[in-house]
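Reviewing the structure listed below.
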4 protein chains.
Amino acid sequence: MSTNYVEPDALVHSSDPQHPANHICTLCAKFYNLGWVTGTGGGTSIRHEDKIYIAPSGVQKELMQPTDMFVMDFATKEYLRKPQFHKPSACTPLFYAAFTRGAGCCIHTHSQWAVLVTLLVEREFGKDACFEIECIEQIKGIPKGRGKTGNLGYYDTLKIPIIENTAQYVSLPPFFLDIMLDCSRIPDAMKREEDLTSSLEEAMEKYPDSYAVLVRRHGIYVWGDNVHKAKTQCESIDYILQLAVEMKKLNLPWTSPK
Amino acid sequence: MSTNYVEPDALVHSSDPQHPANHICTLCAKFYNLGWVTGTGGGTSIRHEDKIYIAPSGVQKELMQPTDMFVMDFATKEYLRKPQFHKPSACTPLFYAAFTRGAGCCIHTHSQWAVLVTLLVEREFGKDACFEIECIEQIKGIPKGRGKTGNLGYYDTLKIPIIENTAQYVSLPPFFLDIMLDCSRIPDAMKREEDLTSSLEEAMEKYPDSYAVLVRRHGIYVWGDNVHKAKTQCESIDYILQLAVEMKKLNLPWTSPK
Amino acid sequence: MSTNYVEPDALVHSSDPQHPANHICTLCAKFYNLGWVTGTGGGTSIRHEDKIYIAPSGVQKELMQPTDMFVMDFATKEYLRKPQFHKPSACTPLFYAAFTRGAGCCIHTHSQWAVLVTLLVEREFGKDACFEIECIEQIKGIPKGRGKTGNLGYYDTLKIPIIENTAQYVSLPPFFLDIMLDCSRIPDAMKREEDLTSSLEEAMEKYPDSYAVLVRRHGIYVWGDNVHKAKTQCESIDYILQLAVEMKKLNLPWTSPK
Amino acid sequence: MSTNYVEPDALVHSSDPQHPANHICTLCAKFYNLGWVTGTGGGTSIRHEDKIYIAPSGVQKELMQPTDMFVMDFATKEYLRKPQFHKPSACTPLFYAAFTRGAGCCIHTHSQWAVLVTLLVEREFGKDACFEIECIEQIKGIPKGRGKTGNLGYYDTLKIPIIENTAQYVSLPPFFLDIMLDCSRIPDAMKREEDLTSSLEEAMEKYPDSYAVLVRRHGIYVWGDNVHKAKTQCESIDYILQLAVEMKKLNLPWTSPK
């Protein structure tokens, strides 16, 4: 036992409401009321110094307790604490990808606005398009990008990349790929459902300024330098996604004609 | 008095929030806020060992107290406890049908999304069609079926059967049946409004993997192996039904063309 | 001072949450969260034996205290208690009209669904039409009518009359009336904005079975034999009005073709 | 130190829930639940005698504490209290413009209904048009204008001016102005993003009876003689804006043809 060893349960017991194990619980209860984590969907993770705190899989997010948390060592990726009756979140590698790029908190929601926007973008601009919107005040709630100073301005275009929910089909002929992406029935063996990590990382590299990635027919990942920023950026983006859906219902364009 | 006799009121008094009589109250208060049980509509029932706990008919669901509960013996179908001023829920035989198929909890909501989906399916696919949707992440919140391991995958199609709200018109000529199903005025004697049980059971037999049955112009019944599963499955399905209605407003298809 | 005299403030002080002065406060706080009484709009009144308790005009409905209540003698229509800084509700004569027809509680909301339904009915069926809908389970939450036993059935048609928001223009030539009803500018002297009572009473006489009257571009009045019934009937009707608006967005008809 | 000097922290410590520093916190928590101040957007300010209390920039509005407040001297515009870790709200000069015209409280929201209405008005009536609606009961929640007695009547038209979110482009040729207003990319040096004050004041002078100004693609400013009036007028206007959006979805006109 190293000198750094901490009793696993001590990692999640604190009277400080800002302690990550407590904070994740209050955040997720709030997210439940916003419709973001219904039916055990979605999740939240906080990096605190050399540790990552992660909400477990399959729990009712509005009822979580600090003792439900997984705690992982950031450097070694080893679990410092595993709650006895829970499974680790399938989002863990995706949260980790955000943390390795400097994030302090990452939020994953199944917001219906996010799902609808991915479908509207696909129909209107194709599968390779980002979601783009401009000239909406709330855009000013999103930072310009990592290492840059300040937030986006009103005239800036907010771009959020979209990845396919299950994107990794290797060595298949193109026509087969097309069929699969149209959601036809495919043999189970060809699907790897939780394999979003590499396409998320690819999107993060291609759009290094983005603090969010939409996942088609699934939801969104939003991160920030700390809990405050991740939460408020997630709110601002969700507001914009809801507005974008309402704009389409009223036949209002997201960007001006170029 | 047998040795197993328990004082009726003792069946609903417990300091454990997970006790069925307490749990139904907290669940229904939550369901009220979700708009599922407005105006005394809807209901919830829990099977606990050899007993069934059932919310009464005609009460404000957000105000229920444990002492409002009916308690029924599962084997004999006899009431072990009847609250003095309440009527038993008309849903009792429908809940019972789920319990005999292994459910531990059954939830009935009047969710508007459920009602609208039944109307949209009827208009687009006819009265015999199920609701079908595919390639939505939240589908992974629904188990594959009783006796099967694991949940549906992203590429699986979620199918929820739809039954008519009052379906039993026996020995009537077909043209008359057509008239009635179009909701024209029919003599009262020909209607049996609470006679959904046999059509629900028929749907359960025809779709043995389904954990839910939609009722046209009425709502939905969702059940699960235990309270946690019934509640989270009901949330996942309601999320999908809401999304499905919004998709139709935006002219987005539920399934890919076959 | 008669022997029946009660100190005015004693009329609104009670530790019983079911006491009308307390009950109106908890109901209105709930109605605020439902969006029914925003911006001081709407109101609620309870008849208790020979007294009527009425929420005042112009107060924030979610913040009301029992001491804000007006209390009126039912027989004499005299105020037994007037809070010092409030104005009586302009709805008082309308609530009174319901109480003289046997109601124990009357609720007035500015529900947006009610307003939208009055506009949709006018456009589709004209100014004299009722709102009519059939074959929706929630209709079973509404009683058949005063003095009749039981509630409406699934196959019954729910009819709610609609009155104009300001309907009394006497001794004007018909063409002028048409202009006014189209909401063009009319001299102020010709308008009596709070004069809904006689048209409400006319609707109550014409539709003696109705427990609700819609007011065009304004909202709805719903009443019931007691607080429980008024509240749950108001919820059931509001649910149906919301559903009716969503049905129109999806181009679904309210009734089958006759 | 003058004899009027008050210890800065004493300005925000009070056990009275109506004290401005406390009141702003409870109001903003309510506004968060209404979706008006999501993601740190929006704000609220109260004038109390010779002092102005202002919520800071960039904080989660539902979590604010009295100690987060800025306090400004109304006459000198000097800060009497600056919280150590916050930035003053960019809305301060806009709130101040309302206070110099007699307001006691000013509320700024990012309500999506406000944003959508500004877009619908622009498309249908052009960039110079006000939002206009008539014959909606809730209009009676809005006063006739400063120095006038009473509120608008049902037949009055509610007019709310709309200003551009960033309107000040001086000495540019008209064709360039058109391009910019279409939100095309413009050199950063030409934009002054927080320079809404003069166009807000211009709208206040042009429409002296208005208690609200919409900001295109941004939100709304609503003020009132005191906190009660500002809050209830903001609720009434937001109700009307939401109704107006729903009316457009259902193809219902806001005003009768003239």
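Keep in mind that the numbers below use all heavy atoms, side chains included, and drop hydrogens, waters and symmetry copies. Please read these numbers as outputs of a predicted model, since none were measured by experiment. Proteins get letters first, then strands, A, B, ... in listed order; numbering begins at 1 in each.
For a residue to count as touching a neighbouring chain, one of its non-hydrogen atoms must lie under 4.5 Å from one of that chain's; by this rule C/V245 touches chain D with backbone and side chain alike. Both the backbone and the side chain of D/Q242 come within contact range of chain C, with heavy atoms under 4.5 Å apart. Neither the backbone nor the side chain of D/I237 has a heavy atom closer than 4.5 Å to any heavy atom of chain C. Residue contact with chain C, scored on non-hydrogen atoms closer than 4.5 Å, involves the backbone and the side chain of D/N251 alike.
If you tally non-hydrogen atom pairs under 4.5 Å between each of C/H218, C/Q112, C/R123 and chain D, the highest count goes to C/Q112.
The closest side-chain heavy-atom distance from D/K144 to D/D209 is not below 4.5 Å. Two residues are said to be in side-chain contact when any heavy atoms from C-beta on lie closer than 4.5 Å; C/D68 and C/V12 fail this criterion. Between C/F99 and C/S45 there is a side-chain heavy-atom pair separated by less than 4.5 Å.
A search for salt bridge (Lys or Arg N to Asp or Glu O under 4.0 Å) contacts involving D/E201 returns D/R101, not counting sequence neighbours. Checked against salt bridge (Lys or Arg N to Asp or Glu O under 4.0 Å), C/E124 has the following partners two or more places apart in sequence or in another chain: C/K248.
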